[in-house]
Visitor: 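Please find one structure pasted underneath; my questions will follow.
Source: prediction; values computed, not measured.
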Amino acid sequence: MPAETGDRRQHGDGTGDLDDATTAAAESGVPVTERGQASPEGDQAGPPVRHPYDPRAWALWQRPKRFIAFLFAMEAVGIAIMVVATMNSTNPGRTDWVRFAILAVGATAHIQLTQRQEERRRDRSRTFLIDLTAVWTFPAAVILPLSLTLSIIAIVRIQHWFIARRPAHNFVFSSVTHGVSVTLASLTFAAFGPHEWGRISGWETLGEFGALIVTGMVFEAVQIAYIGGILAIGSPKRPSMSTVLGNAADNLLEAITIGLGAVTAVLLLIMPPMVIVMAVVTVVFNRLAEIDQLQNDARTDPKTGVLNMRGWSESADRALGRTARSDDNLALLMIDLDHFKWINDTYGHPAGDDVLRDVARKLDEVTRPADVIGRFGGEEFLVLLPDIDETAAKLAAERVRSAIAELHIVTTDKRGSRVTISGRTASIGAALFPRHGESLEELLHASDAAVYVAKENGRNQVRFAQDVERPAPPPAVEG
């Protein structure tokens, strides 16, 4: 799920703020100079000069009012929860301080050894980042007094401040989110009663395992509520599930990270020296996460978020191979947006990009999970429909056509004014396997030809490819 945090999700929407005050001032029309220097325009230059660290220059104030209200309300609630819980927590003992030191050293080693990787991952992240520091903060929530747990959060967040380079309001909100998540996770685990892992065995371990599962769910749910909420409210467009909650790979990475945190907690209680192994594991795992992100980027169209032609071809080839082996049917839809150049010429290319993104999002909504969606290039999309007959393919193509025609896309025109684009249509060409082709290339040619027929007959319609006449097999030779 999203954003710029220290344990997991981190809110990183890229807006300027305290650490990017020059950009913020440029966006708000406020000139920024060094402290003590006068504006070149003198007293008649217009708005007063703001130093980069002047709160009035922060880009936060350029965000929607509902965003600002949600941010401050959730921070106030979070801080209140942490203060009250800390006042009622137990005082740390000598063993707690030793465990605190081990986790602090492990977290610091992890952050410093993976700094470059984290910076690259953050630069490629468009909405939020799942980092791996839950390996250290989750066990703190489970085994340390709350005061020391929040100190671990502080150690992690202070180091991330110099790595993340995010706007200050994003960073503070993410830090509060981490603090609340470990606080509520700590209270949840404590509610299950005393935990003496060194003395339990047999079926008792299942109860402790269940307590860890529930605690991990609370740890995750709090961050979803905070980070997902701020992303949803701050989005200028209607947010999708993937932009607010993250995709399947994001959430799998987070679940694995929390699981590794639980393992760290067990090792810290049973065999503390083995925690050094987890430091090595997190460095390697961070590298694997970066490689996975690079592979995903290489297969994804950055403008729309669907597969690019390379990624789509790889997935479509596999689906076609399975279909051929099982003797099933398959359909290919080529979707060409009508008069797309008019949108760019009338409203500007950013508006055209918004149209492409909304069409891609709508395709994801009206197709099945097994269908393969990709961007062919320009204003064309491809949808491969496995395990489907001709009748169902016609219904699917019509559903796509009508869904696109019903879109109302909120965007901006060339002057930056808010506009809504609606009534846009698409011409769709469809081809069936093996009726119109036995290879992906043949199906692409057939569906492309069908698109031209749809356009020549008035656009905003679905046309199926012409049947292919195939030579009859040679007669069997009698011996």
Visitor: Applying the side chain to side chain contact (heavy atoms under 4.5 Å, CB included) test to Ile409, which of Val419, Asp354, Thr420, Leu356 qualifies?
Guide: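 It is Asp354; the other options fail the test.
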Visitor: For Ser315 and Trp312, indicate whether the former's side chain and the latter's backbone hold a donor-acceptor pair under 3.5 Å.
Guide: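 No, the answer is negative, given that no donor and acceptor are paired below the 3.5 Å cut-off.
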Visitor: Check whether Asp301 reaches the backbone of Gly305 with its side chain - one donor and one acceptor, N or O, closer than 3.5 Å.
Guide: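 No, Asp301 side chain to Gly305 backbone: no donor-acceptor pair under 3.5 Å.
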Visitor: Test side-chain contact (heavy atoms from CB on, under 4.5 Å) on Ile373 and Leu307 and set out the steps.
Guide: CA-CA 6 Å; Ile373 306 170; Leu307 294 173; over 6 Å; no
Visitor: Do Leu407 and Lys362 come close enough that some side-chain heavy atom pair is under 4.5 Å?
Guide: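 Side-chain contact under 4.5 Å: yes.
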Visitor: Using modelled atom types and a 3.5 Å cut-off, is there a donor and acceptor pairing between side-chain atoms of Ser447 and backbone atoms of Leu444?
Guide: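 Checking the backbone N and O of Leu444 against the side chain of Ser447, a donor-acceptor pair under 3.5 Å is found.
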Visitor: For the residue pair Thr137 and Val182, what are the closest heavy atoms and their distance?
Guide: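 Scanning both residues completely, I find the closest heavy atoms to be O-CG1, 4.1 Å.
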Visitor: Any sub-3.5 Å donor-acceptor pair from Arg318's side-chain atoms to Gly321's backbone N or O?
Guide: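 Looks like no, no N/O pair under 3.5 Å.
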Visitor: Flag the pair Asp371 / Leu384 as yes when at least one side-chain heavy-atom distance between them is below 4.5 Å, and no otherwise.
Guide: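 No. Closest side-chain heavy atoms not under 4.5 Å.
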Visitor: Is the backbone of Pro434 close enough, under 3.5 Å, to the side chain of His436 for a donor and an acceptor to pair up by distance?
Guide: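 Between the backbone of Pro434 and the side chain of His436 there is no qualifying donor-acceptor contact (under 3.5 Å).
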Visitor: Looking at Phe464, does the NZ or CZ of Lys394 lie under 6.0 angstrom from its six-membered ring centre and within 45 degrees of the ring axis?
Guide: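 The answer is yes; both the distance and angle limits are met.
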Visitor: For residues Met82 and Val180, report the shortest heavy-atom separation together with the two atoms involved.
Guide: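 What the structure gives for the nearest pair is SD-N, 3.9 Å.
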Visitor: For the residue pair Asp328 and Ser326, confirm or rule out a side-chain donor-acceptor distance under 3.5 Å.
Guide: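 There is such a pair (donor and acceptor under 3.5 Å, judged by atom type) between the side chains of Asp328 and Ser326.
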Visitor: Atom CG of Leu320 and atom CD of Glu438: how far apart are they, to the nearest 0.5 Å?
Guide: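 So the gap between those two atoms works out to 9.5 Å.
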Visitor: Indicate yes or no: at least one non-hydrogen side-chain atom of Val383 is less than 4.5 angstrom from one of Val372.
Guide: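 Result no, sub-4.5 Å side-chain heavy-atom pair not found.
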Visitor: Start with the C-alpha gap between Leu260 and Met278, add the side-chain angles, then the distance that decides, and say whether side-chain contact (heavy atoms from CB on, under 4.5 Å) holds.
Guide: CA-CA 8 Å; Leu260 290 174; Met278 297 308 299; 3.9 Å; yes
Visitor: Might you point out which heavy atoms bring Ala324 and Phe433 nearest each other, and give the distance in Å?
Guide: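 Taking Ala324 first and Phe433 second, the nearest heavy atoms are CB-CZ, 4.0 Å.
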Visitor: In Å, rounded to the nearest 0.5 Å, how long is the span from OG of Ser181 to OH of Tyr226?
Guide: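 It comes to 9.5 Å.
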Visitor: Keeping the roles fixed (side chain from Tyr347, backbone from Gly352), state whether a donor-acceptor pair exists under 3.5 Å.
Guide: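 Flag not set: sc Tyr347 to bb Gly352 has no pair under 3.5 Å.
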Visitor: Taking Asn457 for its side chain and Val453 for its backbone only, find out whether a donor-acceptor pair lies under 3.5 Å.
Guide: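 Present.
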Visitor: As an exercise, state the distance from CG of Asp413 to OG1 of Thr346, rounded to the nearest 0.5 Å.
Guide: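 Taking CG in Asp413 and OG1 in Thr346, the distance rounds to 10.5 Å.
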Visitor: Restricting to non-hydrogen atoms, name the atom on Ser174 and the atom on Ile227 that form the minimum distance, rounded to 0.1 Å.
Guide: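 It is OG-CD1, 4.3 Å.
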Visitor: Is Val176 close to Met74 at the side-chain level, that is, under 4.5 Å between some pair of heavy atoms?
Guide: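 Sidechains of Val176 and Met74: no contact.
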Visitor: Output the distance between atom OG1 (Thr411) and atom CZ (Arg418), rounded to the nearest 0.5 Å.
Guide: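 The CZ atom of Arg418 is 9.5 Å from OG1 of Thr411, to the nearest 0.5 Å.
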Visitor: Thinking salt bridges, do Glu379 and Lys341 make one under a 4.0 Å N-O criterion?
Guide: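 Lys341 and Glu379: not salt-bridged.
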Visitor: Test Arg357 against Thr304 for side chain to side chain donor-acceptor pair (under 3.5 Å), laying out the working first.
Guide: CA-CA 5 Å; Arg357 279 188 285 269; Thr304 61; over 6 Å; no
Visitor: My understanding is that only residues two or more places apart in sequence, or in another chain, count here; which of them pass salt bridge (charged side-chain N to carboxylate O under 4.0 Å, His left out) with Arg463?
Guide: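 Scan of Arg463 (salt bridge (charged side-chain N to carboxylate O under 4.0 Å, His left out), adjacent residues dropped) gives none.
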Visitor: Can you list everything that forms a salt bridge (charged side-chain N to carboxylate O under 4.0 Å, His left out) with Asp317? Sequence neighbours excluded, please.
Guide: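 Salt bridge (charged side-chain N to carboxylate O under 4.0 Å, His left out) check on Asp317 returns nothing, list empty.
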Visitor: I'd like to check Ile343 versus Ile421 (side-chain heavy atoms, cut-off strictly below 4.5 Å). Are they in contact?
Guide: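 When only atoms from C-beta onward are counted, Ile421 and Ile343 do touch, with a gap below 4.5 Å.
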Visitor: Begin from the C-alpha positions of Val172 and Glu75 and carry the test side-chain contact (heavy atoms from CB on, under 4.5 Å) through to its verdict.
Guide: CA-CA 9 Å; Val172 172; Glu75 287 180 346; 3.6 Å; yes
Visitor: Determine the minimum heavy-atom distance between Arg401 and Glu398, stating which atoms define it.
Guide: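 Looking at all heavy atoms of both residues, the shortest contact is NE-OE1, 3.0 Å.
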Visitor: Examine distances only and state if a side-chain atom of Gln461 and a backbone atom of Arg459 form a donor-acceptor pair shorter than 3.5 Å.
Guide: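 Judged by distance alone, yes, a pair lies under 3.5 Å.
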Visitor: For a quick test of reading the model, state the closest non-hydrogen atom pair linking Phe376 to Leu382 and the distance between them.
Guide: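 So the two residues come closest at CD1-CD1, 3.5 Å.
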Visitor: Between Arg424 and Asp338, does any side-chain N to carboxylate O distance fall below 4.0 Å?
Guide: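 A salt bridge is absent here (no side-chain N lies under 4.0 Å from a carboxylate O).
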Visitor: List the steps, then state whether side-chain contact (heavy atoms from CB on, under 4.5 Å) holds for Asn329 with Ile388.
Guide: CA-CA 6 Å; Asn329 296 315; Ile388 196 169; 5.6 Å; no
Visitor: Are the side chains of Gln159 and Gln112 in contact, using a 4.5 Å heavy-atom criterion?
Guide: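 Sidechains of Gln159 and Gln112: in contact.
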Visitor: Roughly how far, to the nearest 0.5 Å, is CG of Leu212 from OG1 of Thr188?
Guide: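 Taking OG1 in Thr188 and CG in Leu212, the distance rounds to 12.0 Å.
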Visitor: Show your working on salt bridge (charged side-chain N to carboxylate O under 4.0 Å, His left out) between Arg310 and Glu314 and close with a plain yes or no.
Guide: CA-CA 6 Å; Arg310 173 186 172 182; Glu314 292 173 352; 3.6 Å; yes
Visitor: For the side chain of Arg368 and the backbone of Pro386, is there at least one donor-acceptor N/O pair under 3.5 Å apart?
Guide: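 Checked: pair present.
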Visitor: Backbone N or O of Ala279 within a donor-acceptor pair of the Thr282 side chain at under 3.5 Å?
Guide: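 Yes: the side chain of Thr282 pairs with the backbone of Ala279.
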Visitor: Look at the aromatic rings of Trp136 and His110 and report parallel, tilted or perpendicular, splitting at 30° and 60°.
Guide: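 Judged by the thresholds at 30° and 60°, the geometry between Trp136 and His110 is tilted.
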Visitor: Are the side chains of Leu333 and Leu385 in touch, meaning some heavy atoms are under 4.5 Å apart?
Guide: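 Side-chain contact under 4.5 Å: yes.
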Visitor: Can you tell if the side chain of Leu330 reaches within under 4.5 Å of the side chain of Leu432, non-hydrogen atoms only?
Guide: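 No - every pair of side-chain heavy atoms lies 4.5 Å or more apart.
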Visitor: What distance do Thr257 atom OG1 and Phe219 atom CZ have between them, rounded to the nearest 0.5 Å?
Guide: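 Answer for the OG1-CZ pair, Thr257 versus Phe219, is 9.5 Å.
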